[in-house]
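Positions are given from 1 along the sequence.
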Amino acid sequence: METAKNTTLVLGASLRSNRYSYYAIERLVAHDQPVVAIGLRAGTVAGIPIETTLMPFEGMDTVTLYLNPQRQRQYYDYIIGLKPRRVIFNPGTENLEFENKLRANGILADRACTLVLLSTNQY
């Protein structure tokens, strides 16, 4: 599935309006950033459908993680296979094992907060 240039995948997307992944989708849309989302439950946030299966997205720029390190393991190969430019490890998702795998595959592993990056125009 071809995506727009500079697309961000929100992995661990939630339909719950008090979750940071929900805020991230809203803020990405508000900043006119192309965004796709994968979560446990199908639905829509800020007009963005949340997929429940691993979609073969192409042209991915950024993956922003909202999964704890233990839950990330099942997605290692999928994320590396997307060949994003970077993966953002939001607070609480830091994972040295996965960060090293990403770097070994030429992918930037960035410990940051998507919401802060957006609010300070550093995204």
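- When atom types are taken as modelled, the side chain of Glu99 and the backbone of Asn95 share a donor-acceptor pair closer than 3.5 angstrom.
- Looking only at side-chain heavy atoms (C-beta outward), Glu51 and Val36 stay at 4.5 Å or farther from each other.
- With hydrogens and angles disregarded, no donor-acceptor distance shorter than 3.5 Å links the side chain of Tyr66 to the backbone of Arg19.
- Between Tyr76 and Phe98, the ring-plane angle classifies as parallel under the 30° and 60° cut-offs.
- Atom CG of Asn6 is separated from atom CG of Asp32 by 12.5 Å, given to the nearest 0.5 angstrom.
- With hydrogens and angles ignored, the 3.5 Å screen pairs a side-chain donor or acceptor of Gln72 with a backbone N or O of Thr93.
- With hydrogens and angles ignored, the 3.5 Å screen pairs a side-chain donor or acceptor of Glu94 with a backbone N or O of Gly92.
- Between the side chain of Ser14 and the backbone N or O of Arg16 there is at least one donor-acceptor pair closer than 3.5 Å.
- For the side-chain contact (heavy atoms from CB on, under 4.5 Å) with Arg86, the qualifying choice from Thr62, Leu102, Thr64, Val63 is Thr62, the only one to do so.
- Paired with Ile79 under the rule side-chain contact (heavy atoms from CB on, under 4.5 Å), one option of Leu9, Asn105, Leu65, Leu54 passes, and it is Leu65.
- Under the 3.5 Å distance criterion, the side-chain polar atoms of Asn90 are matched with a main-chain donor or acceptor of Thr114.
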For Val29 and Arg27, what are the C-alpha separation, side-chain angles and deciding distance, and is it a side-chain contact (heavy atoms from CB on, under 4.5 Å)?
-> CA-CA 5 Å; Val29 168; Arg27 299 297 183 334; over 6 Å; no
